[in-house]
Amino acid sequence: MASSKQTGAEAAHRPGAPSSAPAFPTVHVLSDSVGETARTVAQAAAAQFGVKNPKIEVFGKVKSFEQVRTILDEHVAYHVEQLGDDQLLIFYTLVDPDLRDEVSAYILSHENMHGVDLLTAAITAMADVSGLEPNDTPGVLRIADIDYFKRVAALEFTIEHDDGRNACDLAKADIVIIGVSRTSKTPLCIYLAQHGYSVANVPLDLHTTPPKELFDVDSTRIFGLMSTPEALSSIRSRRIGQAVSVAGSYADPEYIYEDLEAARALMRRLGCYVIRTDGKAVEETAQEVLDLYSKTHGMDA
């Protein structure tokens, strides 16, 4: 390795790898929990190379250094036999400090192993700033607690109140999402629900009167989603596919313009927040919603 110290901020790359190596490496995840943290980081990192579905092998619930060494040595042998390349990329989240130190030393002693320690830097920084000592317990993030059950309840509520269903309960929602078809209402609602917010969504269109209960909801809890006619026309055209001849107006820019204008007028009446969704990932829109929501209600639902 080029460095004697590994942190989560270091890149795991070796410029001298043989040209016969795969275009993008398999990420080997080691964890004394389930490995979900490392998997998520690996996917996010791979996306920066245009790789949406990297090959990730997860080895969770590891208990001993001997177990880890066997895993690594076996995979090096496999890479040599099948790929003609002994390079191994390893992301690890090991909470046990003794195990982590042994694994780190082993990786550092092998030029062909490239390791990224995803927890040490974060734990050390938090300990330094807080003055607290970590409890070194694997899997504590996934232990069922009040927050877990809150997220489950929020998800159940959100599913039951998707696409205008059970409008009588709108006032019970933490957040209400409104918008015309194909403005990503449902994906946004599910994402927010996974963060513990009970969300309802109400579809808007030219031929349907919004539920009267919508006007009883605190306007600071309502978020209207807007896009452009061009963006929606493209999305709707892909959605209906070959059925465009029988549902042409659905994707027609002029119809969509009228649809959006009617939605915008309703949003003005409600006095709600309005957020553009065109060209944004669901996560970006969700962050905008939560930033605005927190100004009035705090981050707790």
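The analysis underlying the following values was restricted to heavy atoms, covering all of them including side chains, and did not include hydrogens, waters or symmetry mates.
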Tell me if a side-chain donor or acceptor on [X] pairs with a main-chain N or O of [Y] at a distance below 3.5 Å.
| X | Y | value |
| --- | --- | --- |
| S237 | S233 | yes |
| S184 | P187 | no |
| K185 | V180 | yes |
| T183 | G179 | no |
| D278 | A231 | no |
| S33 | G35 | no |
| N166 | D169 | no |
| S249 | D252 | no |
| T296 | Y293 | no |

Side-chain heavy-atom pair [X], [Y] within 4.5 angstrom cut-off:
| X | Y | value |
| --- | --- | --- |
| V176 | R221 | no |
| T277 | E284 | no |
| L292 | I275 | yes |
| L170 | P211 | yes |
| S104 | Y92 | yes |
| S227 | R276 | no |
| K61 | D32 | no |
| V199 | I177 | yes |

Closest non-hydrogen atom pair, [X] against [Y]:
| X | Y | answer |
| --- | --- | --- |
| T158 | A193 | OG1-CB, 3.3 Å |
| S181 | L232 | O-CD2, 3.8 Å |
| I175 | Y197 | CD1-CD2, 4.1 Å |
| C189 | N201 | SG-CB, 3.5 Å |
| A286 | L192 | CB-CD2, 4.0 Å |
| P25 | L89 | CG-CD2, 3.7 Å |

All salt bridge (Lys or Arg N to Asp or Glu O under 4.0 Å) counterparts of [X], not counting sequence neighbours:
| X | result |
| --- | --- |
| R165 | none |
| E74 | none |
| R100 | none |
| K63 | none |

Scan the side chains in residues 41-54 for donor-acceptor partners under 3.5 Å anywhere in the protein, sequence neighbours excluded, and list what turns up.
none

- Query: Can L30 and T93 be said to form a side-chain contact (heavy atoms from CB on, under 4.5 Å), step by step?
  - Reply: CA-CA 6 Å; L30 297 173; T93 52; over 6 Å; no
Distance (rounded to the nearest 0.5 Å) between [X] [atom1] and [Y] [atom2]:
| X | Y | atom1 | atom2 | value |
| --- | --- | --- | --- | --- |
| I56 | R39 | CD1 | CZ | 5.5 Å |
| I222 | L270 | CD1 | CG | 5.0 Å |
| L290 | H297 | CG | NE2 | 11.5 Å |
| L72 | H110 | CG | NE2 | 8.5 Å |
| I71 | Q67 | CD1 | CD | 5.0 Å |
| K172 | D174 | NZ | CG | 13.0 Å |

- Residue pairs, two or more places apart or on separate chains, that pass ring pair (Phe, Tyr, Trp, His ring centres under 6.0 Å) and touch residues 210-237: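 Listed once each, the pairs are F223-Y273.
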- For residues 169-195, which residue pairs qualify under ring pair (Phe, Tyr, Trp, His ring centres under 6.0 Å), counting only residues two or more places apart or in two chains?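 Passing the test, one end in residues 169-195: Y191-H195.
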- When you look at L94 and L119, which way does the side-chain contact (heavy atoms from CB on, under 4.5 Å) test go after all the steps? CA-CA 7 Å; L94 301 170; L119 284 184; over 6 Å; no
- Message: Is it the case that atom CD in E283 sees more than 12 heavy atoms from other parts of the structure closer than 6.0 Å?
- Response: yes
- Which side chain to side chain donor-acceptor pair (under 3.5 Å) pairs, counting each pair once, include a residue from residues 202-212, with sequence neighbours left out?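 Output for this query lists D205-T208.
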- Evaluation steps, side-chain contact (heavy atoms from CB on, under 4.5 Å), between R182 and Y250: CA-CA 11 Å; R182 301 294 117 190; Y250 177 71; 3.3 Å; yes
- Message: Going by ring-ring contact (aromatic ring centres under 6.0 Å, His included), name the residues that satisfy it together with H161, two or more places apart in sequence or in a different chain.
- Response: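 For H161, the residues satisfying ring-ring contact (aromatic ring centres under 6.0 Å, His included) (neighbours in sequence not counted) are F157.
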- Those residues that, when tested against H75, pass ring-ring contact (aromatic ring centres under 6.0 Å, His included) (two or more places apart): H28, F59
- Q87 side chain to H79 side chain, donor-acceptor N/O pair below 3.5 angstrom: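 H79 and Q87 do not have a side-chain donor-acceptor pair below 3.5 Å.
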- Please determine, by modelled atom types, if D86 and Y78 share a side-chain donor-acceptor pair under 3.5 angstrom.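 No.
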- When you look at I190 and I159, which way does the side-chain contact (heavy atoms from CB on, under 4.5 Å) test go after all the steps? CA-CA 8 Å; I190 296 299; I159 291 172; 4.3 Å; yes
Could you pull out every donor-acceptor pair under 3.5 Å between side chains of residues 257-269 and any protein atom, sequence neighbours left out?
| from | atom 1 | to | atom 2 | distance (Å) |
| --- | --- | --- | --- | --- |
| D259 | OD1 | L206 | N | 3.4 |
| D259 | OD2 | R236 | NH2 | 3.3 |

- Message: Strictly by salt bridge (Lys or Arg N to Asp or Glu O under 4.0 Å), give each pair with a member in residues 155-164 just once, sequence neighbours left out.
- Response: none
- Salt-bridge test for E102 and R69: reply yes if a basic N is under 4.0 Å from a carboxylate O, no otherwise. no
- Dump the intermediate steps for side-chain hydrogen bond (donor to acceptor under 3.5 Å, both in side chains) on D101 and Y106, then the final yes or no. CA-CA 9 Å; D101 289 346; Y106 189 73; over 6 Å; no
